[in-house]
Structure formats: C-alpha cells, structure tokens
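Read through the structure below, which is laid out as structure tokens, and then see the notes.
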Amino acid sequence: MGGFVEALGDILTSESSYVSAVSFAAFLAFGAVGEWVAERAGTLNISIEGMLLAGAFAAAMGFDLTSSLLVSLLFGIGAALMVASVQAQMSHRLQADQFVVGLALNILVLGLAGFLDGELDPATRRAPTVTIPLLSDIPLVGRALFDQSWLLYLIYPLIPACWWLVYRTRWGLEARSVGENPQSADASGIHVNRRRRQAIYVAGITCGAGGTYLCLAVVGSFEDSIVGGRGFISIAAVIFGGWTLRGSIAGCVLFGTVVSFRLSLPALGYQINNQIVTSAPFLLTIAGMALFAKRVRAPDALSRPFVRGIR
C-alpha cells in the first residue's frame with residue numbers, strides 16, 4: 001500500500017505526467033466533441049476511428065509534400081470529411097445500417113492507410129511548440145496546457161464553438177430535435193436525415209484536426225496503428241459523460257490520464273507489465289460504460305434510422 005501511495009504521489013507531482021495526460025486527453029477530446037454533436041443528432045458514429053486515422057495519414061502526406069502545418073491540417077480535415085461523407089450518405093441517404101457502415105469504414109481506412117504508408121512512406125516530424133508567456137509558468141499544469149504545438153490549442157476554441165453550435169443556433173436546435181423525436185421534427189418541416197448528415201460532417205472536421213494533432217504534435221510520425229482503438233474510447237467518453245459536453249470532456253480527461261500511464265510511469269522509474277498498462281484504458285472504458293450506460297439518458301432516437309412515415 002505504501003508503494004502505491006508513493007507512486008501516486010510521484011505521478012501527481014511530476015510535470016511530465018500532466019504533459020502526457022493533457023496530450024492524450026486533447027486527442028480524445030477532438031474525437032469526442034464531434035461524436036457528441038453527431039450523437040445529439042441521433043447518429044452513433046462508429047467510423048470515428050477511421051476518421052481519425054484518415055486525418056492522421058492525410059496530414060502526414062500534406063506535411064511530406066509541403067512542410068506546412070496549416071496545409072497538413074487542411075489535408076487531415078479533408079480526408080476525415082471524405083470518410084464522414086461516406087458514413088453520412090450510406091447511413092442517412094441510402095438507409096444502410098449505421099454500425100455496419102462504420103465498422104466497414106474503420107477496416108477499409110486501416111487497410112488503405114497501411115498500404116499507402118508502405119508505398120509512399122511520408123516523411124514527417126514533430127511540430128515545434130508555441131509557448132504562451134506567464135500561463136506556461138503555472139506550476140505543474142502550465143507546460144502541459146500552454147507550452148504545446150498550436151495544433152493542441154485548437155481544442156480550446158473548438159469545445160465552446162461546438163457548444164454554441166448545438167445550444168445557441170437554430171441548426172443546433174433542429175439537430176437536437178431530430179435526435180430526440182425525428183417524426184415531430186419532420187412534421188415541423190425539418191429535413192431529418194440532412195441534419196444528421198451535417199452532424200457527421202462536424203465530426204469529420206473535429207476528427208481531421210484530431211488526427212493531424214496526433215500525427216504531427218504528439219507522435220511526430222505516421223504508422224497504421226497510430227490511433228490504436230482510441231476512437232472507440234472517445235465514443236465511450238460521450239456515453240460516460242451522459243451525452244453532455246462537459247461530461248464528455250471529463251471522460252476524455254479521465255481516459256486520457258489512464259492512457260498516459262504507459263509513458264509517464266516508465267519515465268518515473270516504475271516498471272509495470274506493458275500489457276496491463278496498454279489494456280488499462282480499454283478496461284476502464286468497459287467499466288465506465290457498464291456503470292453509466294443505464295444511468296444516463298441517451299437521445300431517444302440515437303442510432304434509429306429515420307424513414308418518413310414509419311414510426
């Protein structure tokens with residue numbers, strides 16, 4: 001017990017632990033924010049894993065071709081939007097099963113990214129950090145939050161922007177209505193499936209930014225295992241947070257902290273079985289979903305396809 005308390009104390013007082021936790025939590029948040037928008041509109045967007053991976057690979061290619069972070073970001077968002085478009089059109093225009101489409105896209109993008117990476121081998125490097133004066137000097141968390149690549153700083157305006165979009169615009173009101181009662185929304189003149197497709201496009205934008213951030217700010221290179229199932233953890237964070245934005249972000253912080261143990265514990269000199277550390281975030285994800293999935297209320301029409309005239 002004493003050893004556990006000592007290890008916990010080392011983690012809580014180590015600046016590097018906070019840097020790792022914020023890095024992974026921010027990546028999960030890029031995916032979770034877009035997923036939250038999509039789920040509030042009634043779509044369980046399983047293809048978020050493929051969107052993140054497509055964004056990461058396209059960003060690597062963009063940097064290899066231009067050496068520009070901005071162009072890489074646009075490449076990443078564009079590729080993720082292509083995956084989002086297939087998900088949206090198949091699920092909410094052709095009425096294909098959302099889960100099947102999402103899983104198929106994840107497998108397709110994984111195989112395609114692995115093949116193209118082997119053929120093209122894009123050259124990348126980690127983006128330089130941008131230090132915010134004064135704020136970066138805050139003890140423990142200053143470097144983690146305010147001495148990072150500008151790609152991480154995108155998450156700061158992105159979170160309130162998505163909140164404003166969902167809760168302070170007519171589009172957001174209509175998107176929430178199609179997630180709760182699509183028949184009533186349709187009777188009010190709202191194009192249900194169009195709003196759902198648009199919500200998936202929002203997820204594509206955030207995931208494209210998240211994939212770019214992971215590839216060029218966290219890892220500094222691309223490989224087909226770079227996302228490693230963390231897109232599903234972003235989905236779990238939305239469920240864990242009770243389909244609220246602040247709850248989803250809290251879930252990302254929790255899961256991101258656990259994911260960061262793989263880096264922070266060895267750096268502090270603690271030797272833990274690598275398989276245990278690797279599986280810990282997924283075990284926590286399963287436990288969180290088991291505890292909270294039945295205690296919170298999902299949007300009533302979540303994952304239910306809408307066909308006009310059918311209840």
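- By the neighbour-count criterion of 12 heavy atoms within 6.0 Å, atom CG of Leu94 is densely surrounded, having more than that number from other residues, nucleotides or ligands.
- For Tyr167, the side-chain hydrogen bond (donor to acceptor under 3.5 Å, both in side chains) partners two or more places apart in sequence, or in a different chain, are Arg40.
- Among residue pairs with one or both ends in residues 47-61, those qualifying as side chain to side chain donor-acceptor pair (under 3.5 Å) are Asn45-Ser47, Ser47-Gln87; sequence neighbours excluded.
- Rounded to the nearest 0.5 angstrom, Met51 CE and Leu105 CG are separated by 7.5 Å.
- When side chains are defined from C-beta on, Arg196 counts as touching Pro182, because their heavy atoms get closer than 4.5 Å.
- Taken to the nearest 0.5 Å, the CH2 atom of Trp36 stands 10.5 Å off from the CD1 atom of Ile159.
- Hydrophobic clustering of Ile, Leu, Val, Met, Phe, Trp and Tyr side chains at less than 4.5 Å, counting indirect connections, keeps Ile226 apart from Ile107.
- Remark: Thr131 pairs with Asp147 by the side-chain hydrogen bond (donor to acceptor under 3.5 Å, both in side chains) rule, at least two apart or across chains.
- The ring-ring contact (aromatic ring centres under 6.0 Å, His included) analysis of residues 77-128, with sequence neighbours excluded, yields no pairs.
- The ring-ring contact (aromatic ring centres under 6.0 Å, His included) search around Phe27 returns none, not counting sequence neighbours.
- Closest non-hydrogen pair, Pro122 versus Asp117, comes out as CD-OD1, 3.4 Å.
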Kindly indicate, with the supporting measurements, whether the criterion side-chain contact (heavy atoms from CB on, under 4.5 Å) is fulfilled by Asp300 and Asn181. CA-CA 7 Å; Asp300 284 344; Asn181 194 326; over 6 Å; no

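- The line from OG1 of Thr257 to OH of Tyr18 is 9.0 Å long, rounded to the nearest 0.5 Å.
- Not a single ring-ring contact (aromatic ring centres under 6.0 Å, His included) links Phe24 to another residue, sequence neighbours left out.
- Between Val178 and Ala41, the shortest heavy-atom distance links the atoms CG2-O, 3.5 Å.
- Taking hydrophobic clusters as Ile, Leu, Val, Met, Phe, Trp and Tyr residues chained together by side-chain heavy-atom distances below 4.5 Å, Leu173 does not share a cluster with Trp171.
- Residues Leu74 and Leu53 fall into different hydrophobic clusters, defined by Ile, Leu, Val, Met, Phe, Trp and Tyr side chains chained together at heavy-atom separations under 4.5 Å.
- Linking Ile, Leu, Val, Met, Phe, Trp and Tyr whenever their side-chain heavy atoms come within less than 4.5 Å leaves Met90 and Met82 in two separate clusters.
- Remark: the backbone N or O of Phe146 is not paired with any side-chain donor or acceptor of Ser136 at under 3.5 angstrom.
- In this structure, Asn193 and Arg197 have side chains that are in contact, with non-hydrogen atoms separated by less than 4.5 Å.
- Remark: Arg143 pairs with Glu15 by the salt bridge (Lys or Arg N to Asp or Glu O under 4.0 Å) rule, at least two apart or across chains.
- A donor-acceptor pair is defined here as one N or O able to donate and one able to accept, closer than 3.5 Å; no such pair exists between the side chain of Trp243 and the backbone of Val238.
- Rounding to the nearest 0.5 Å places CD1 of Ile249 at 6.0 Å from CD1 of Ile155.
- Through side-chain heavy atoms spaced under 4.5 Å, either directly or across other Ile, Leu, Val, Met, Phe, Trp or Tyr residues, Phe75 is tied to Leu65, Val71.
- A donor-acceptor distance shorter than 3.5 angstrom exists from the side chain of Thr244 to the backbone of Gly241, with no hydrogens or angles considered.
- Glu39 is listed as a side-chain neighbour of Ile235, based on a closest heavy-atom distance under 4.5 Å.
- Between Ala32 and Ile48, the shortest heavy-atom distance links the atoms N-CD1, 4.5 Å.
- Looking at every heavy atom in both residues, Phe63 comes nearest to Thr124 through CD2-CA, 3.9 Å.
- The closest side-chain heavy-atom distance from Arg230 to Leu28 is below 4.5 Å.
- At least one side-chain heavy atom of Val22 sits less than 4.5 Å from a side-chain heavy atom of Leu145.
- Not one N or O on the side chain of Asp186 forms a donor-acceptor pair closer than 3.5 Å with the backbone of Val192.
- Between Leu245 and Val166, the closest side-chain pair of non-hydrogen atoms is not below 4.5 Å.
- Between Leu73 and Leu154 there is a side-chain heavy-atom pair separated by less than 4.5 Å.
- In this structure Glu180 satisfies the salt bridge (Lys or Arg N to Asp or Glu O under 4.0 Å) test together with Arg297, sequence neighbours excluded.
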Pairs of donor and acceptor atoms involving the side chains of residues 207-222, under 3.5 Å and at least two apart or interchain, shall be tabulated with distances.
unit_1 : atom_1 : unit_2 : atom_2 : d
Thr212 : OG1    : Gly208 : O      : 2.9
Tyr213 : OH     : Ser23  : O      : 3.2

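- Residues satisfying the salt bridge (Lys or Arg N to Asp or Glu O under 4.0 Å) criterion with Arg170, sequence neighbours excluded, are Glu174.
- Phe255 meets the ring-ring contact (aromatic ring centres under 6.0 Å, His included) test with Phe240; sequence neighbours excluded.
- Considering every non-hydrogen atom in both Ala79 and Ala58, the closest pair reads CB-CB, 3.3 Å.
- Under the 4.5 Å side-chain criterion, counting only non-hydrogen atoms from C-beta, Asp121 is not in contact with Asp64.
- Note on Ile138: it clusters hydrophobically with Tyr153, by side-chain heavy-atom contacts below 4.5 Å among ILVMFWY residues.
- Separating the CG atom in Leu81 from the CD1 atom in Ile200 is a distance of 11.5 Å, to the nearest 0.5 Å.
- Gln148 approaches Val19 most closely through the heavy-atom pair NE2-CG1, 3.9 Å.
- With values rounded to the nearest 0.5 angstrom, Leu140 atom CG is found 10.5 Å from Ser16 atom OG.
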